[in-house]
Amino acid sequence: MSAKPVTEAVKELSMLKQKTMIAGNYELLATARESGRKVVSTFVPGNLNELIMCFDMANNLPEINAIQSGMRKKSGGYIMEAEKRGHSEDVCTYVKTDIGMIAKGNLGPDGRALPDPDLLLLSYTGCFTFMKWFELLRQHYKCETAMLHVPYEGDGHASKNMRDYVVKQIKEEVIPKLERVSGVKFDIDRLRQYLAESAKAEQNFVWVLESAKHKPSPIDAYFGGVYYIGPMFTSFRGTADATEYYRLLRQEIEQRIADRLGPVTPDGEMHEERYRLVVEGPPNWTSFRDFWKMFYDEGAVVVASTYTKVGGIYDLGFRHDPDHPLETLAEYCLGCYTNRNLPARVDLIEKYVNEYEADGLLINSIKSCNSFSAGQLLVLREIERRTGKPAAFIETDLVDPRYFSPANVKNRLESYLQMIEQKRHGAATAA
Amino acid sequence: MTATADIVARCQTLFDDLQFTYAREWKAAVPGRKVVGYMPFYVPRELIHAAGALPLGVLGGGDQLEVIHGDAYYQSYICRIPRSTIELGVTGRLDFVDGMLFPSICDVIRNLSGMWKIMFPKVQSRYFDVPQNYRNDVGGEFYINELNELRQMLAEMTGHEIGDDAIRAAIALYNENRNLVREVYAFRAKRPWKAPSAEVYLLMRAGMTLAVEEHNRLLRDYLTAAAAQERPRLDNTRVVVTGVFCEQPPLNLIKSIELSGCYIVDDDFMLVNRWERSDVPLEGDPIRNLALAYLHDSGDTAAKYEPEQKKKGLYLVEAVKRSGAEGVIFAAPSFCDPALLERPMLQAVLAAHGVPYIAFKYAENSGQMQPIREQAGTFADSIKLWSDR
């Protein structure tokens, strides 16, 4: 029986809501100079969106701009531009996309120029490259930079020393710079209010991710998941809009569960769930739809992914806590996926394979992201050993189109799904 | 007096020995002794010494190690040092090592710390973080606590407390070591024909293996012997080599740079050897002294954040001035994020100061030196012929 989608994709209310939110943020950025609003650039993992909102600043996320460039097929040109300017072919392609984009006029997805940042908030979490990225940007913009060094959880947990260090930096380094650049005095009650709003959205966000435990899964927790994490991990956490987005999304998914429907794909609803996978690693953005199609054409649904934990991990119980505003921000920064040591990452993936009743683990290893990629082959072995489920490995890149080889990826994926079939057949025979 | 050739031969033997015989014998000599391995770029070796253990620098497998198992753990686009380090581990070459420290240098070494925990559960391994905030009350407090946690881990490993006096004594020894290392570097910068870089390199690598007391003797002996030995002075171009602070180039690459007509007058091969710029004070709380030295009196490298834009990269310009260099060679390991991301920023600073430079990449097992010789040779010639420096 074919697993191919048969119905046309319909834009759901949550999708339209998110689209409006994103357009609104780019509008805010494009008009920041005329409106007198100050602009901060920062990173996705463990970001301090609620804190930034306390200073009425517009939030620009270079990683998101790079993703947008990748999806709009612009990143290849930007990367070449950066390499022409002396940046190595070996390093992060988000960085090179950003640098190339700046060199080409720094146009946002709506075609309007993004403003120069007034502050670079270097929240150095889970990725060493962040530090170099903003040093590179600082050299270009010559603007103020606030460094927030978030220690790596080398022993798999955050210690008191780590938390205290992050809180102190927020107090002594980040807040004073945000105040100075924005001209707005910090109000901790305002922060509490945003954090309370975040927690509301987070509750529904976790419910959405965990809905994939249903059979069939009503969502794809990787390809669909990257849309679901959008408001939570970017400039909207802590806003009423984000809360409303997750309320709508939950409502839609509740209906899908009631109707026993599978995920919505770009080609419509997916009707038959043949394989349930856990995926480790970020997606490829330059061929995102082609990549996804390879999965849904085969009836493969991703029921849990680590990439949807890159901004922060909520499904282990964390919620922003308005009663401990700075401590909760520190805990959030510390706990994001790539800031956890490899054994903790393996534990999490094992839990997903078991709890989501997955057929196995697929690793999408990203050429230019060592934070994710270094050690993934050991992750693969460990998961196979611990769960007895087959794992597979494909290699692509974030936004460099030169490193997406459709035939190879498709071939690997198909072989992997056959392996799952064999394993099932073997198990059935043995029984 | 020991001749330089004898000293260098000893260092070469240590360098070639991928079974780490010296460290094995050191450990076996007294029951209960421990060995603690560490990777680039910096760990406070004073604490390991004060615990009565031997700090052992683990800098990959070089070009003599055939990597078979290690390649099965890494994709082709990841540098070579973690795969050869894994190879050293799985082939039992590090089976005598009781603890491993993985400093905060990049995501690859960071993740290797977790891999080590999974693959070698009997070894006490620790990711060793350093502050990127240099205020005493912020990064300083954090770092003091990190150092105390390391002190505790080492105490548990060796089975006895590490007293302040033991740390002070270790600081004194490493102060002496750093002074001698600086002296060798200054000697080479002044008279590079008397201290070829391959020799200096081997001498510094020996410091990754030998007990510090022994390394101090070796450094002293070398200084005396090198000063006494007459060698021909060549009309070479004086260069600083940078970007080599983690995965080490093959020894032949260092020799090739010199053979191409360059004297290496400064480098960042093994930063741990001279990380603190002046003596760490012996009076007062030794942990606090180590922490403050890191915050305010330590070297610069890509893995360390520079809070002030106007100071970014000036350390390299200062190295050029201090050593009287005429140009800079950026040599970075392939896929090395810190070195390669830092490089354009440093190049911009050099350009602004009129310092010529070239760049190439290598791996620890690079075999073809002809392109390096040609590139470095052309660079040296161009400076001799055209530069107004």
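These values consider heavy atoms only, across backbone and side chains, with no hydrogens, waters or symmetry-generated copies. This one's a predicted model, so the numbers in the text were calculated from it and none came from an experiment. Residue numbers begin at 1 in each chain, while the letters A, B, ... track the order of the sequences.
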Which donor-acceptor pairs fall under 3.5 Å between chain A and chain B:
| from | atom 1 | to | atom 2 | distance (Å) |
| --- | --- | --- | --- | --- |
| A/Glu89 | OE2 | B/Lys361 | NZ | 3.2 |
| A/Asp90 | OD1 | B/Lys361 | NZ | 3.2 |
| A/Asp90 | OD2 | B/Phe335 | N | 2.8 |
| A/Asp90 | OD2 | B/Lys361 | NZ | 2.8 |
| A/Gly126 | O | B/Arg110 | NH1 | 3.1 |
| A/Phe128 | N | B/Asp107 | OD1 | 2.9 |
| A/Phe128 | N | B/Asp107 | OD2 | 3.1 |
| A/Lys132 | NZ | B/Ala302 | O | 2.7 |
| A/Lys132 | NZ | B/Glu342 | OE1 | 2.5 |
| A/Glu135 | OE1 | B/Lys312 | NZ | 2.9 |
| A/Glu135 | OE2 | B/Glu306 | N | 3.2 |
| A/Glu135 | OE2 | B/Lys312 | NZ | 3.4 |
| A/Arg138 | NE | B/Gln309 | OE1 | 3.0 |
| A/Arg138 | NH1 | B/Tyr305 | OH | 3.4 |
| A/Arg138 | NH1 | B/Glu306 | O | 2.8 |
| A/Arg138 | NH1 | B/Pro307 | O | 3.1 |
| A/Arg138 | NH2 | B/Glu306 | O | 2.9 |
| A/Gln139 | NE2 | B/Met345 | O | 3.4 |
| A/His149 | ND1 | B/Gln132 | N | 3.3 |
| A/Tyr152 | N | B/Asp129 | OD2 | 3.4 |
| A/Asp155 | OD1 | B/Lys117 | NZ | 2.9 |
| A/Asn161 | OD1 | B/Asn145 | ND2 | 2.8 |
| A/Asn161 | ND2 | B/Phe142 | O | 3.1 |
| A/Asn161 | ND2 | B/Glu146 | OE2 | 3.3 |
| A/Tyr165 | OH | B/Gln132 | N | 3.3 |
| A/Tyr165 | OH | B/Asn133 | N | 3.4 |
| A/Lys168 | NZ | B/Asp137 | O | 2.8 |
| A/Glu172 | OE1 | B/Arg135 | NH2 | 3.1 |
| A/Thr338 | O | B/Arg110 | NH1 | 3.3 |
| A/Thr338 | O | B/Arg110 | NH2 | 3.3 |
| A/Ser365 | OG | B/Gln75 | NE2 | 2.6 |
| A/Ser365 | OG | B/Tyr77 | OH | 2.5 |
| A/Asn370 | ND2 | B/Asp337 | OD2 | 3.1 |
| A/Ser371 | O | B/Arg110 | NH2 | 3.4 |
| A/Ser371 | O | B/Asn111 | ND2 | 3.0 |
| A/Ser371 | OG | B/Arg110 | NH2 | 3.1 |
| A/Ser373 | O | B/Gln75 | NE2 | 3.0 |
| A/Ala374 | O | B/Asn111 | ND2 | 2.9 |
| A/Arg381 | NH1 | B/Tyr73 | OH | 2.8 |

Please classify the contact between [X] and chain B as side chain, backbone, both or neither, with a heavy-atom cut-off of under 4.5 Å.
X	value
A/Ile99	neither
A/Leu380	neither
A/Cys127	both

Atom group of [X] that falls short of 4.5 Å from chain A, counting heavy atoms:
X	result
B/Ala359	neither
B/Ile109	neither
B/Pro338	both
B/Ala303	both

#### Entry: All ring-ring contact (aromatic ring centres under 6.0 Å, His included) counterparts of A/Phe186, not counting sequence neighbours
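Listed in chain order: A/Phe55.
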### Query
Does a sphere of radius 6.0 Å around CE in A/Met80 hold more than 12 heavy atoms from other residues, nucleotides or ligands, not counting ones at 6.0 Å or beyond?
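12 or below, so no.
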Report the option among [options] that has the most heavy-atom pairs separated by less than 4.5 Å from atoms of chain A.
options	result
B/Ile86, B/Ile105, B/Leu112	B/Ile105
B/Ala302, B/Pro82, B/Ala332, B/Ala348	B/Ala302
B/Cys79, B/Gly313, B/Cys106	B/Cys106

### Closest non-hydrogen atom pair, B/Ile118 against A/Val346
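Smallest interatomic distance, heavy atoms only, reads CD1-CG2, 4.1 Å.
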### Message
To check you understand the geometry: which heavy-atom pair defines the closest contact between A/Gly86 and B/Pro344, and what is its length?
### Response
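Where A/Gly86 meets B/Pro344 most closely, the heavy atoms are O-CG, 4.0 Å.
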### Task
Among the options A/Pro151, A/Ala344, A/Cys92, pick out the one with the most heavy-atom pairs lying under 4.5 Å from chain B.
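Looking at each option in turn, the highest pair count goes to A/Pro151.
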